[in-house]
Amino acid sequence: MPLTRDENRGVLHYHAGGKIQVKSSDIQVGDLIIVDKNQRIPADMIFLRTSEKNGSCFIRTDQLDGETDWKLKVAVGCTQRLPAVGDLFSISAYVYAQKPQLDIHSFEGNFTREDADPQIHESLSIEHTIWASTVVASGTVIGVVIYTGKETRSVLNTSSAKNKFGLLDLELNRLTKALFLAQVILSVVMVAVQGFVGPWFRNLFRFVVLFSYIIPISLRVNLDMGKSAYGWMIMKDENIPGTVVRTSTIPEELGRLVYLLTDKTGTLTQNEMVFKRLHLGTVSYGTDTMDEIQSHIVQSYAQVTSQPSNGSTSGTTPSRKTQTSGPKVRKSVSSRIHEAVKAIALCHNVTPVYESHTIVNGETESAEADQDFSDDNRTYQASSPDEVELVRWTQSVGLTLVNRDLTSLQLKTPSGQILNFHILQIFPFTSESKRMGIIVREESTGDITFYMKGADVAMASIVQYNDWLEEECGNMAREGLRTLVVAKKSLSEEQYQDFENRYNQAKLSIHDRGLKVAAVVESLEREMELLCLTGVEDQLQADVRPTLELLRNAGIKIWMLTGDKLETATCIAKSSHLVSRNQDIHVFRPISSRGEAHLELNAFRRKHDCALVISGDSLEVCLRYYEHEFVELACQCPAVVCCRCSPTQKAQIVTLLQQHTANRTCAIGDGGNDVSMIQAADCGIGIEGKEGKQASLAADFSITQFKHIGRLLMVHGRNSYKRSAALGQFVMHRGMIISTMQAVFSSVFYFASVPLYQGFLMVGYATMYTMFPVFSLVLDQDVKPEMALLYPELYKDLTKGRSLSFKTFLIWVLISVYQGGILMYGALVLFESEFVHVVAISFTALILTELLMVALTIRTWHWLMVVAEFFSLGCYLASLAFLNEYFDLSFITTWPFLWKVSAITLVSCLPLYIIKYLKRKFSPPSYSKLSS
């Protein structure tokens with residue numbers, strides 16, 4: 001069937017009659033659906049069965065939480081164990097799921113099979129769920145749908161887009177209201193001075209119509225055309241190629257930002273890990289000395305193979321028994337390197353995957369033999385990119401992970417020999433424990449070893465006493481490397497059996513299961529032998545540091561909101577110089593109650609000028625009880641990092657800042673998880689990245705690299721705001737000056753409600769005669785782009801909003817009143833016998849004054865501005881020939897007309913030129929000091 005829309009993607013759907021293809025919009029709760037590799041999951045489901053033998057599969061969640069690493073999901077044991085897929089219909093079972101909620105990282109439910117003799121109950125957690133809008137990365141998945149449509153996690157986490165309205169538009173609206181008030185008051189005053197005689201009500205309305213030019217109707221048209229022009233300029237800028245302006249309403253917002261909220265993964269970082277450092281305590285290896293490690297590894301395995309298989313004759317063999325009760329001998333560097341590399345190659349959650357070339361009649365069993373186990377066909381899958389990089393690194397130095405399932409691991413030595421290991425236990429990484437462990441038994445020797453790696457905070461107390469770990473971790477963190485401490489402990493058969501019994505008992509307990517299991521594992525985690533410290537770098541995007549520095553100098557406060565772990569987020573904050581080197585970092589402790597929040601906020605209040613790092617859960621608690629206090633404190637911080645944020649939380653933080661600070665916010669991100677935040681912010685910027693185009697399509701501005709944001713704000717934001725402010729006020733001035741002339745004219749002629757200028761003159765005034773020069777203000781710039789980027793401090797002035805305020809507005813009102821008065825009184829004083837000359841003289845002087853005022857407002861001339869000035873003047877002079885009914889042509893060509901017009905224009909404009917010159921001389925604005 002032809003599928004046109006995305007929600008009509010075809011998905012195979014099971015029922016007792018076999019498979020049928022269904023639209024994903026027709027899927028209902030309780031359906032069994034089958035999703036193949038690289039297909040997007042259409043609805044939230046419980047993972048029942050997979051084609052993979054180990055009963056688990058990987059999914060990609062980049063559109064859900066923005067992390068590009070793969071997540072491991074496990075099928076429900078009871079259904080995975082069934083002999084064939086068809087047996088899913090022969091059993092009677094049900095799933096209990098909690099009600100739909102926002103949190104994408106948690107789930108509670110139960111699976112019950114009723115037709116077994118003792119009913120089989122299995123608890124379901126987050127690892128059994130596959131949320132909608134994730135993609136299957138390996139195998140084929142069969143699941144039962146639990147939430148659809150608006151109840152899916154991904155939809156609950158998105159917000160509907162709102163129409164964004166710029167601050168400048170709001171300010172101009174306020175001024176327009178003030179102008180309307182002025183118009184009404186002026187009309188009432190005119191009627192009052194007349195003395196409310198005769199049909200005064202009718203006169204009042206005639207005056208309201210006469211003064212209607214005060215209200216700048218053309219303002220909206222001019223501004224909207226201006227905004228389109230700014231958008232065109234941004235897209236044509238060669239320095240920021242690929243930038244797309246997707247909204248024409250808010251380019252001025254770019255010049256008024258105070259808060260920038262940025263995502264981490266893919267925005268600040270490239271999400272590509274590189275192994276940088278291996279530290280063994282006495283010796284450290286960097287990228288340039290990796291070949292030494294390789295030669296050590298080759299050498300130690302060469303020794304092993306050349307010796308008898310019992311392996312107890314040489315001190316450097318990897319398989320020697322370490323439980324000897326004799327004194328510990330210092331090992332050679334070679335054996336220590338070997339131990340460390342082997343530990344890194346074994347202690348992880350990485351699975352090597354081979355793309356099978358031939359799949360015979362759909363069964364992978366027979367394809368197993370034809371699979372290509374060569375290095376170039378192998379890819380590694382894991383839930384964390386750090387782990388993949390570590391395993392890739394061990395491959396590069398000679399120890400390769402070639403195979404892995406739930407119970408065994410195989411490593412290949414440089415000489416091509418395969419080492420087999422049995423996995424006895426795995427203790428996965430959790431954000432509380434900050435470490436992961438694995439117990440393996442080597443097949444050839446039967447040795448049992450417990451390997452462990454984790455964050456230095458967690459591992460410091462577990463490993464044996466040493467004097468270098470803390471210091472080296474600090475050094476690596478300062479370089480912006482993610483550190484992992486690797487340790488091991490050898491166990492005897494008895495020790496392991498004892499542990500296994502206690503561990504299995506703890507796993508069966510009903511109350512405090514987690515605590516009991518943790519306690520049993522901790523009994524092993526004592527006096528472990530420290531092997532090495534690894535440093536992996538998450539490479540930053542191009543020019544992130546200078547860009548963040550530029551933004552900070554421009555007075556923009558940067559908040560980093562990420563779904564990533566606390567350690568990683570802190571690490572990137574340091575390496576990207578989001579937090580400067582000499583700044584303290586206050587890590588907000590995990591809190592869960594009001595009292596804890598109160599204490600922690602007080603502790604934070606005592607610290608001055610330090611960056612804040614807080615996790616999403618703690619933030620939630622703070623906002624529930626102490627919203628105002630928290631925002632107040634956080635806003636004083638030079639930088640804030642929020643980690644483990646859900647998409648909704650990101651949007652929540654944006655709205656908080658908008659409500660509490662009344663400042664303009666900007667959000668920048670690159671994944672589907674940033675869309676809510678981008679839509680909530682006053683100005684959303686999307687980056688086209690690895691995580692797809694969802695963010696860049698939802699944003700107001702789309703850029704290709706993070707570094708372009710500097711120019712977008714400093715240059716284009718500045719120009720858009722300054723130009724729109726000038727344009728808006730000039731259009732208002734244009735209306736006020738003619739209304740002042742009308743008022744003077746009426747008051748001189750006994751408050752008659754007679755129009756000064758008839759029909760065509762008024763139409764021409766706002767269009768042909770003055771439109772082009774006024775609109776050419778959109779080409780004006782006060783500072784050259786190079787200057788704006790060199791001195792980002794100039795941007796700070798813009799956020800105060802001084803280019804368009806009631807103060808500048810009043811100055812323009814005074815100018816209009818002064819000029820209107822001079823033009824009208826001058827024409828009345830100088831006019832001869834006939835009234836028709838007043839119209840000719842005052843209107844010509846008015847046009848000249850407007851053109852001169854545009855010239856006075858302009859800060860940097862552009863050739864188009866000169867063309868516009870002369871074109872408008874030419875249009876006016878040419879049209880004089882046709883306006884016989886208004887102008888006496890024989891009078892216009894005489895000398896008296898010319899000198900009178902010149903005199904009036906001079907009196908109306910010269911004082912303003914002098915004032916402007918004196919102001920530039922005695923109190924120049926900051927930008928002119930730089931450009932001089």
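In this text, all values refer to a predicted model and were calculated from it rather than measured experimentally.
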Taking salt bridge (charged side-chain N to carboxylate O under 4.0 Å, His left out) as the test, write out the residues that go with [X], two or more places apart.
X	value
Lys453	Glu387
Arg644	none
Arg441	Glu493

Practice task
Answer whether the closest heavy-atom distance between the side chains of Val402 and Pro352 falls below 4.5 Å.
Solution key: no
Practice task
Start with the C-alpha gap between Leu346 and Phe421, add the side-chain angles, then the distance that decides, and say whether side chain to side chain contact (heavy atoms under 4.5 Å, CB included) holds.
Solution key: CA-CA 9 Å; Leu346 288 172; Phe421 294 88; 3.7 Å; yes
Practice task
Kindly say whether the aromatic ring centers of His338 and Tyr301 come within a distance under 6.0 Å.
Solution key: yes
Problem - Aromatic centroids of Phe427 and Tyr503 separated by under 6.0 Å - result: yes
Donor + acceptor pair across side chains of [X], [Y] (<3.5 Å):
X	Y	answer
Thr282	Arg336	yes
Gln495	Ser492	yes
Asn54	Ser56	yes

Practice task
Calculate, to the nearest 0.5 Å, the distance between atoms CD and CD belonging to Glu443 and Gln410 respectively.
Solution key: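 Rounded to the nearest 0.5 Å, the CD-CD separation comes to 8.0 Å.
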Handout entry: Ionic contact status for Glu339 with Lys488, cut-off 4.0 Å
Key = yes
Handout entry: Minimum-distance pair of heavy atoms, taken over all atoms of Ser90 and Asp115
Key =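 In this case the closest contact between Ser90 and Asp115 is O-OD2, 3.7 Å.
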